[in-house]
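Both counts, for ligands and for their atoms, begin at 1 and track the order of listing. Index from 1, following the sequence.
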Amino acid sequence: MDADLVVVGSGLFGLTVAQQCAERFGRRVVIIDRRSHIGGNAYSENEPETGIEVHRYGAHLFHTSNQRVWDYVNEFTKFTSYVHRVYTSHNGEVFPMPINLGTINQFFRAAYTPDEARALIREQAAELDGKEPANFVEKGVSLIGRPLYEAFIAHYTAKQWQTDPEKLSADIISRLPVRYTYDNRYFNDTYEGLPVDGYTAWLERMADHDRIEVKLETDFFDSSQPLNKDNVVGNVPVVFTGPVDRYFDYSEGRLGWRTLDFEEQVLPVGDFQGTPVMNYPDADVPYTRIHEFRHFHPERDYPKDKTVIMREFSRFAEGEDEPYYPVNTPADRDGLLRYRDRAKSEKGVLFGGRLGTYKYLDMHMAIGAALSMVDNKLEQHFTVGAAIQSGGVDE
Ligand code: FAD
Ligand code: UDP
C-alpha cells in the first residue's frame with residue numbers, strides 16, 4: 001500500500017492530522033471518507049437558486065482563544081469580522097441570548113443594575129442550599145435561577161436532548177456564558193469569524209498537498225474496497241475519526257448520540273428574521289432554532305429578494321442516522337470507559353475527533369486535539385520510529 005498513514009474521516013480532526021504529517025514529516029497520507037465530500041460536519045455549499053452559502057450539517061461558527069490554533073487556521077483561510085449573536089423567541093417575545101442583563105431586565109420587566117440582578121439570581125438559586133450542582137438542572141438553576149431556567153432552557157434542552165436533564169452533564173449548560181452586562185456576544189473567545197470564501201474552500205486547501213490523497217465514498221468497514229479495516233489495521237498506521245463504538249462492532253453496547261433533521265426553504269423575501277439564528281425555547285414549537293444563512297455574510301452581495309432558512313429538529317440517532325452529539329449519560333460514560341480499554345490494545349490505531357473520542361468538540365478543539373496527537377504520538381513515530389501508542393480514546 002502506497003501510504004505511510006491512513007486517516008479515516010476528512011473532518012477537521014482528520015484534515016489537520018493529514019496536513020501536518022504530510023508537511024512536517026514528508027509522509028504520504030491517504031484520507032478516506034464515506035461521504036461524497038470532504039470536511040466532515042463543517043462542510044458547506046452554495047444553495048443553487050440564491051448562491052447563499054449553507055452549512056450542510058448545521059450552522060458552524062468559528063471561535064477560539066488558542067493562539068496556536070488561530071495561527072494554524074489562518075494558514076488556510078482569512079476570516080471575516082463576523083461576531084455571533086443569538087436571539088430567542090419565548091411566548092411571542094424576542095429576548096437576547098445568552099442570558100445577560102438585557103435578558104434579565106426584559107424578562108422581569110425591570111431595570112436592575114448588575115449587582116441587583118446578581119442578588120436576585122442568587123436568591124432564586126438559594127433552593128440549592130449551597131450544594132455543588134451535580135447535573136444539568138442544578139447547574140442551570142445555580143447559574144440563572146428557576147424562572148429563567150424554565151423559560152429559556154428547560155424546554156429547549158428537552159427538545160434538543162430528549163433526555164432527562166438530571167442525566168445530562170452540567171458541562172453542557174456551562175458552554176453558555178451568563179453575563180451581568182448588556183454584552184450579548186454568544187462566545188467569550190479572543191478570536192472569532194467566518195472563513196471569507198466559505199468553509200469548503202478552507203477545508204479543500206488543507207487537503208491540497210502533493211502527499212495527500214483523498215478517497216471519497218469509501219467506508220472503512222466496507223470490505224469490498226481495498227482500504228478497509230481488515231486490510232489496513234496492523235499494516236499501516238491509522239488515525240480513526242469515525243464513531244468509536246462502530247469501530248468495535250458495538251461490542252460494549254451502543255453509545256447514545258443525538259442526530260438533527262434540517263428543513264431547508266428558499267423564501268421569496270429579502271429578510272426573514274433579521275438575524276442569523278433565532279432560538280425557540282417553548283414546548284409548543286417542535287424545532288429548536290431557525291438559521292437564516294444570508295446574515296452570516298453581510299459583506300457578500302447576495303440577492304435582495306430571496307433568502308434561505310433552515311429549521312433544526314433534534315432526535316435520538318438510530319440505525320444509519322448521522323451521529324451528531326454525544327448524549328453522554330452515566331451509562332454512556334461507562335460504555336466509553338470500556339471502549340477506551342479496547343482502544344488501548346488496538347495496535348497501530350489512534351482514535352480522535354468528536355466521534356472517535358465521544359466528546360462534544362468545537363472545531364477549534366478538534367484542531368487543537370489533532371495538533372496534540374501529531375506532537376505527542378505521530379512525530380515520535382515518523383521521526384524516530386516509535387510504535388504508535390494509543391493512550392485510549394481520550395486524546
Ligand atoms: P467530523 O466533522 O464529524 O468528521 C468525521 C468524518 O468521518 C465525517 O466526514 C464522516 O463521514 C467520516 N467517517 C465516519 N465514519 C467513517 C467510516 N466508517 N469510513 C470513512 N469515513 C467515516 N463547532 C464549532 O466550533 N462551532 C460551531 O458553531 C459548531 N456547530 C456545530 C453544529 C452541529 C450541528 C454539529 C454537529 C457540530 C458543530 N460543531 C461546531 C462541531 C464541529 O462540527 C466539530 O468540531 C468538527 O466537525 C469535528 O471534526 P471531526 O473531524 O472530529 O468530525
Ligand atoms: N440551551 C438552551 N437554550 C438556548 C440555547 C442553549 O437551553 O436558547 C442549552 C441547550 O441544552 C444546549 C446548551 O445550552 O445544548 C449549549 O448550547 P449551544 O448553543 O452551545 O449548543 P450547540 O451549539 O451545541 O447547539
Side-chain angles (χ1 to χ4, degrees), residues 6-17 31-43 55-64 69 84 86-90 95 97-99 103 136 139-140 144 148-149 151-161 163 165 168-169 171-177 186-187 189 192 194 199 203 215-222 225 227-229 239-244 246-247 257-260 262 277-281 288-289 291 312 314 322-326 352-357 359-370:
V6 171
V7 172
V8 181
S10 66
L12 278 164
F13 192 98
L15 286 174
T16 303
V17 166
I31 308 178
I32 66 167
D33 202 300
R34 63 208 287 262
R35 292 180 177 166
S36 59
H37 59 76
I38 68 160
N41 288 346
Y43 173 76
H55 304 169
R56 264 298 140 235
Y57 302 91
H60 274 64
L61 297 316
F62 190 81
H63 55 98
T64 187
V69 168
H84 195 42
V86 173
Y87 292 84
T88 187
S89 182
H90 166 60
F95 297 81
M97 277 299 276
I99 287 165
T103 325
F136 186 96
K139 185 76 187 176
I144 55 175
L148 289 163
Y149 176 83
F152 297 115
I153 308 294
H155 304 295
Y156 186 99
T157 300
K159 287 192 278 189
Q160 198 170 14
W161 294 93
T163 298
L168 289 175
S169 155
D171 295 351
I172 295 176
I173 183 100
S174 308
R175 283 166 61 88
L176 292 185
Y186 205 69
F187 304 118
D189 280 322
E192 181 173 354
L194 291 171
Y199 275 96
L203 301 160
K215 290 181 185 291
L216 299 174
E217 295 177 331
T218 305
D219 192 320
F220 195 49
F221 303 109
D222 173 2
Q225 63 85 13
L227 289 172
N228 67 57
K229 182 180 172 193
V239 170
F240 180 80
T241 74
V244 60
R246 170 69 187 90
Y247 182 95
W257 295 93
R258 207 161 54 75
T259 194
L260 298 172
F262 299 111
V277 180
M278 182 68 73
N279 286 359
Y280 286 86
T288 49
R289 49 189 171 185
H291 308 278
E312 188 173 312
S314 182
E322 287 291 347
Y324 280 141
Y325 291 104
R354 203 170 41 87
L355 304 167
T357 58
K359 276 191 188 154
Y360 197 116
L361 297 179
D362 279 329
M363 292 180 279
H364 65 286
M365 295 156 92
I367 296 165

*Nearest-option assignment for atom 7 (O) of ligand 1, heavy atoms, candidates Gly242, Pro243, Gly9, Pro323*: Gly9
*asked:* Please compare Tyr149, Trp161, Phe187 and report which has the shortest non-hydrogen distance to atom 15 (O) of ligand 2.
replied: Trp161
*asked:* Just to be sure I read this right, does ligand 1 sit under 4.0 Å from the backbone of Phe62, its side chain, both, or neither, counting only heavy atoms?
replied: neither
_Can you confirm if the NZ or CZ of Arg35 lies within 45° of the ring axis of Tyr43 and under 6.0 Å from the centre of its six-membered ring?_
no
*asked:* Is there a polar contact, in the sense of an N or O pair closer than 3.5 Å, between Phe136 and ligand 2?
replied: no
*With respect to atom 35 (C) of ligand 1, which of Phe262, Tyr360, Tyr325 exhibits the smallest heavy-atom separation?*
Tyr325
*Using heavy atoms and a threshold below 4.0 Å, how should the contact between Arg289 and ligand 2 be classified: side chain, backbone, both, or neither?*
side chain
*Measure the spacing between OH of Tyr324 and OH of Tyr360 and express it to the nearest 0.5 Å.*
13.5 Å
*Ile172 side chain reached by Trp161 side chain, heavy atoms, under 4.5 Å*: yes
*Tell me: protein heavy atom nearest atom 16 (C) of ligand 2, and distance?*
Ile172 O, 3.6 Å
*Mind listing the closest non-hydrogen atom pair of Gly58 and Phe262 along with its distance?*
N-CZ, 3.4 Å
*Under-4.0 Å heavy-atom contact with ligand 1, by part of Thr218 that carries it*: backbone
*Look at atom 17 (O) of ligand 2 and find which of Val86, Leu176, Leu61, Ile173 reaches it with the closest heavy atom.*
Leu176
*Of all the atoms in ligand 1, which lie at a distance below 4.0 Å from a heavy atom belonging to Asp219?*
17 (C), 18 (N), 19 (N)
*Out of His55, Arg34, His84, whose heavy atom is nearest to atom 13 (N) of ligand 1?*
Arg34
*Asn279: numbered ligand 2 atoms lying under 4.0 Å from its heavy atoms*: 4 (C), 5 (C), 8 (O)
*Hey, do the aromatic rings of Phe62 and His55 have their centres closer than 6.0 Å?*
no
*Closest to atom 19 (O) of ligand 2 (judged by heavy-atom distance), picking from Tyr87, Phe152, Tyr186*: Tyr186
*Nearest-contact summary for atom 1 (N) of ligand 2 - protein heavy atom, Å*: Tyr156 CD2, 3.6 Å
*asked:* Looking at every heavy atom in both Asp219 and Arg34, which two are closest together, and how far apart are they?
replied: OD2-NE, 3.3 Å
*Quick one: nearest non-hydrogen protein atom to atom 7 (O) of ligand 2, plus distance?*
Thr157 OG1, 3.0 Å
*Considering only non-hydrogen protein atoms, determine which one is nearest to atom 10 (C) of ligand 2 and report residue, atom name and distance to 0.1 Å.*
Gln160 OE1, 3.3 Å
*If we only count N/O pairs under 3.5 Å, is Thr88 in contact with ligand 2?*
no
_Value rounded to 0.5 Å, distance of CE in Met363 from OH in Tyr199_ = 3.5 Å
*Please work out which of Tyr325, Tyr360, Tyr280 has its closest non-hydrogen atom nearest to atom 24 (O) of ligand 2.*
Tyr360
